[in-house]
Novice: 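Got a structure for you, written out below as structure tokens; questions coming shortly.
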Amino acid sequence: MIRFGQIVPGSVKRGYIKGTEIENGARYIDILNCDPVLPLRTSLGRFEVRLFADNNRTPCFHCKLIGHSSYQCKDRPKIMNERRCYNCAAIGHLANACPNEAYCSYCNINGHSRRDCESFKQDQENQGYSKHGPEIIEGRQETKLDAHSDTHSVCDNDTFSESGKNDTTDTLNVLIGASNCTRLGETDENLLNASKSGANFENFTQILDIAVQKTDSFKVDKVAICLGTNDISKHKDDSDQINLLVTKAVAQVKSAYPESHVGLCSIIPRKGNSAQINRLNQSATNVNKFIRKLCAREDNVDYVDLEKLFYKNGTIIRSMFDKADNSGVHINTEGAQNINRKLDDFFHSPKPCVQELHTPMDPKRKRSDGTTTPTSADRMSKRSNTEPKKA
């Protein structure tokens with residue numbers, strides 16, 4: 001900010017929501033000999049911020065002139081009527097009141113919007129893979145085609161039911177998570193990704209009911225639960241409340257899928273070094289310790305450690321998070337690939353066999369048959385034989 005003028009020492013103040021003592025993202029700075037015109041946006045460290053000047057030094061958002069605020073601009077009604085609808089790309093109305101069919105401005109085809117365009121998503125994914133994007137996408141498509149052809153071929157290891165239907169096609173795995181799990185994409189055709197953005201352990205019952213409805217005609221082999229980030233945001237230091245919700249969720253899954261194996265994922269940390277993020281990460285670590293103990297105590301529940309994937313030498317790996325996400329919560333393509341590999345290890349690992357352990361019999365300490373009890377004379381005779389003889 002010093003490029004716009006001389007900053008008054010100690011003048012930086014935090015903003016608060018009106019009528020409360022809750023801080024917001026605003027910062028107030030006093031500047032002497034300030035430039036006559038300030039830009040609407042600038043960079044503050046690694047963040048892009050919006051500037052507002054109390055003496056109308058920042059230009060109007062609509063007409064790009066100074067001397068008045070954006071909400072007082074006389075051209076505002078005209079500009080608002082010229083705004084383009086994000087749903088149909090027409091001018092004169094907004095998407096929340098659009099009466100027309102969706103139109104994609106990326107591929108110029110009716111029937112879907114840009115955010116649902118497969119071509120747009122694929123191109124965005126290619127950009128995330130840099131110059132090797134087309135090669136990676138082509139390899140994935142070939143792998144998917146090979147897997148699809150394998151499922152339609154009859155192998156010696158396939159098992160069939162009495163009706164002649166392949167039992168392996170009726171087996172599914174289920175993943176229940178939040179927004180980060182929605183970024184994992186289609187990793188396995190036998191996996192139902194029932195994740196939902198904003199999901200948490202408090203609304204776990206609704207998400208589980210949807211998963212049960214979708215898997216009604218299938219045999220569910222394993223269920224992975226990957227939640228907790230939104231619960232940390234809501235309850236913060238109250239880790240005991242989150243622990244109760246986690247325990248309840250595991251019980252609900254075991255009740256809905258009694259023959260399935262459950263995988264309980266640890267909560268991944270957040271990117272950032274602020275005091276608030278460090279406090280949230282500490283709460284997540286405390287909950288993860290409880291999750292590990294819960295998995296050791298419960299039958300048919302495994303601990304899937306996602307937390308250590310995002311740490312290296314005790315430091316959070318920032319390259320695995322989305323750079324455009326200022327909250328530090330969402331992962332990028334690299335982070336999604338690491339989580340996919342960890343979940344694949346759980347879904348494709350064999351179930352542990354529960355065996356009855358027999359204590360080996362010591363030949364020197366044979367058990368009594370329980371029918372006879374030695375008499376007092378027998379015990380005295382045995383004792384006299386063990387006593388040392390006097391010279």
Side-chain angles (χ1 to χ4, degrees), residues 173-181 184 194-195 199-205 207-208 220-258 260-271 277-317 320-321 328-329 331 335-355 357:
N173 296 320
V174 179
L175 173 62
I176 301 177
S179 56
N180 278 331
C181 289
L184 301 182
S195 304
N200 53 43
F201 281 110
E202 287 193 341
N203 60 10
F204 184 80
T205 303
I207 305 174
L208 181 61
V220 176
D221 185 32
K222 293 184 179 182
V223 180
I225 306 174
C226 188
L227 295 171
T229 301
N230 296 319
D231 297 274
I232 294 293
S233 301
K234 181 176 182 179
H235 297 284
K236 295 181 174 60
D237 296 330
D238 192 4
S239 57
D240 292 338
Q241 178 63 25
I242 303 177
N243 296 342
L244 292 175
L245 296 174
V246 173
T247 306
K248 181 180 177 181
V250 173
Q252 289 176 333
V253 172
K254 296 176 74 173
S255 176
Y257 302 107
S260 302
H261 204 80
V262 182
L264 194 54
C265 300
S266 58
I267 304 173
I268 66 174
R270 300 164 189 256
K271 176 189 68 175
I277 290 182
N278 290 334
R279 188 180 67 176
L280 295 176
N281 286 339
Q282 183 59 44
S283 298
T285 301
N286 295 335
V287 176
N288 289 336
K289 292 179 181 178
F290 171 81
I291 292 176
R292 186 186 292 271
K293 294 179 181 179
L294 178 65
C295 294
R297 185 173 66 245
E298 293 286 336
D299 295 332
N300 296 327
V301 180
D302 286 346
Y303 179 70
V304 182
D305 194 356
L306 301 182
E307 182 184 23
K308 70 177 183 179
L309 298 177
F310 294 84
Y311 279 100
K312 183 177 182 180
N313 299 327
T315 305
I316 296 177
I317 306 175
M320 296 172 61
F321 291 87
V329 172
I331 57 177
Q337 290 175 347
N338 288 331
I339 291 181
N340 272 331
R341 284 192 288 267
K342 194 68 175 179
L343 290 175
D344 285 342
D345 292 341
F346 165 71
F347 286 131
H348 296 98
S349 62
K351 289 184 179 180
C353 297
V354 181
Q355 299 179 352
L357 299 179

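These numbers were taken from a predicted model, which means no experiment stands behind them.
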Novice: Any side-chain donor paired with an acceptor under 3.5 Å for N286 and Q282?
Specialist: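 Looking only at side-chain atoms, Q282 and N286 do form a donor-acceptor pair, the distance falling under 3.5 Å.
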Novice: Give a yes or no answer on whether the side chain of H348 reaches the backbone of D344 with a donor-acceptor pair at less than 3.5 Å.
Specialist: yes
Novice: Do N243 side-chain atoms and S239 backbone N/O form a donor-acceptor pair below 3.5 Å?
Specialist: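 Side chain of N243 to backbone of S239: a pair is present.
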Novice: Is the shortest side-chain heavy-atom distance between F204 and V253 below 4.5 Å?
Specialist: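 They are in side-chain contact.
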Novice: When R297 is tested against each of V301, D299, L294 for side-chain contact (heavy atoms from CB on, under 4.5 Å), which residue passes?
Specialist: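 It is L294, the one option of V301, D299, L294 that forms the side-chain contact (heavy atoms from CB on, under 4.5 Å) with R297.
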Novice: Check for a donor-acceptor pair, side chain of S283 on one end and backbone N or O of K236 on the other, with a separation under 3.5 Å.
Specialist: yes
Novice: Any ion pair linking R292 and D305 (charged N to carboxylate O, less than 4.0 Å)?
Specialist: yes
Novice: CD of Q337 to CG of L309: how many Å apart, nearest 0.5 Å?
Specialist: 12.5 Å
Novice: Sub-3.5 Å donor-acceptor pair from the side chain of S349 to the main-chain atoms of D345, do we have one?
Specialist: yes
Novice: Compare every heavy atom of V304 with every heavy atom of L343, then report the nearest pair and how far apart it is.
Specialist: CD2-CG1, 4.4 Å
Novice: Please report the C-alpha distance between I316 and N281 in whole Å, then the side-chain angles of each, then the deciding distance to 0.1 Å, and finally whether the side chain to side chain contact (heavy atoms under 4.5 Å, CB included) criterion is met.
Specialist: CA-CA 10 Å; I316 296 177; N281 286 339; 3.6 Å; yes
Novice: Any side-chain heavy-atom pair from K234 and N230 closer than 4.5 angstrom?
Specialist: no
Novice: When you compare the side chain of R270 with that of T229, does any pair of heavy atoms fall below 4.5 Å?
Specialist: yes
Novice: Please report the closest heavy-atom contact between G177 and L227, naming both atoms and the distance.
Specialist: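 That closest heavy-atom pairing would be C-CD2, 3.4 Å.
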Novice: If you measure from CD1 on I268 to CG on L306, what distance do you get to the nearest 0.5 Å?
Specialist: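 Rounded to the nearest 0.5 Å, the CD1-CG separation comes out at 7.5 Å.
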Novice: Taking I331's backbone N and O only, do any of them form a donor-acceptor pair with N180's side chain (distance below 3.5 Å, no angle check)?
Specialist: yes
Novice: Could you report the tightest heavy-atom contact between I267 and A284, atom names first, then the distance?
Specialist: CG2-CB, 4.1 Å
Novice: For the residue pair L184 and L175, establish whether any side-chain heavy-atom pair is separated by less than 4.5 Å.
Specialist: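 When only atoms from C-beta onward are counted, L175 and L184 do touch, with a gap below 4.5 Å.
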Novice: Could you state the interatomic distance from SG (C226) to NZ (K342), rounded to the nearest 0.5 Å?
Specialist: 12.5 Å
Novice: Let me confirm one number: the NZ-NE2 distance from K254 to H261, rounded to the nearest 0.5 Å.
Specialist: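 Rounded to the nearest 0.5 Å, the NZ-NE2 separation comes out at 9.5 Å.
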Novice: Starting from the C-alpha separation in whole Å, work towards a yes-or-no answer on side chain to side chain contact (heavy atoms under 4.5 Å, CB included) for V262 and Y257.
Specialist: CA-CA 9 Å; V262 182; Y257 302 107; over 6 Å; no
Novice: Is any side-chain heavy atom of F290 closer than 4.5 Å to one of L244?
Specialist: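 Counting from C-beta outward, L244 and F290 never come under 4.5 Å.
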Novice: Keeping the roles fixed (side chain from N200, backbone from E202), state whether a donor-acceptor pair exists under 3.5 Å.
Specialist: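 At least one qualifying donor-acceptor pair exists.
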Novice: Give a yes/no verdict on a cation-pi contact between K222 and F346, requiring under 6.0 Å between NZ or CZ and the six-membered ring centre and an angle within 45° of the axis.
Specialist: yes
Novice: Below 4.5 Å, heavy atoms only, C-beta onward: do I176 and L208 meet side chain to side chain?
Specialist: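 They are in contact (side-chain heavy atoms under 4.5 Å apart), so the answer is yes.
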Novice: So, S266 side chain and N288 main chain: donor-acceptor pair closer than 3.5 Å or not?
Specialist: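 Side chain of S266 to backbone of N288, a donor-acceptor pair under 3.5 Å: no, none is there.
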Novice: Please find the pair of heavy atoms, one from C181 and one from S195, that lie closest to each other, and give the distance.
Specialist: CB-OG, 3.1 Å
Novice: Kindly give the heavy-atom pair with the smallest separation between I207 and A199, and that separation in Å.
Specialist: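 Residues I207 and A199, closest heavy atoms: CD1-CB, 3.1 Å.
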Novice: For the atom pair CZ (F310) and CD1 (I339), what is the distance rounded to the nearest 0.5 Å?
Specialist: 4.0 Å
Novice: So, using side chain to side chain donor-acceptor pair (under 3.5 Å) as the criterion, who are the partners of R341 when residues are at least two apart?
Specialist: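 Testing R341 for side chain to side chain donor-acceptor pair (under 3.5 Å), a comparison that skips the adjacent residues, returns N338.
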Novice: Of the non-hydrogen atoms in A224 and F347, which two are nearest, and what is the gap between them?
Specialist: CB-CZ, 3.6 Å
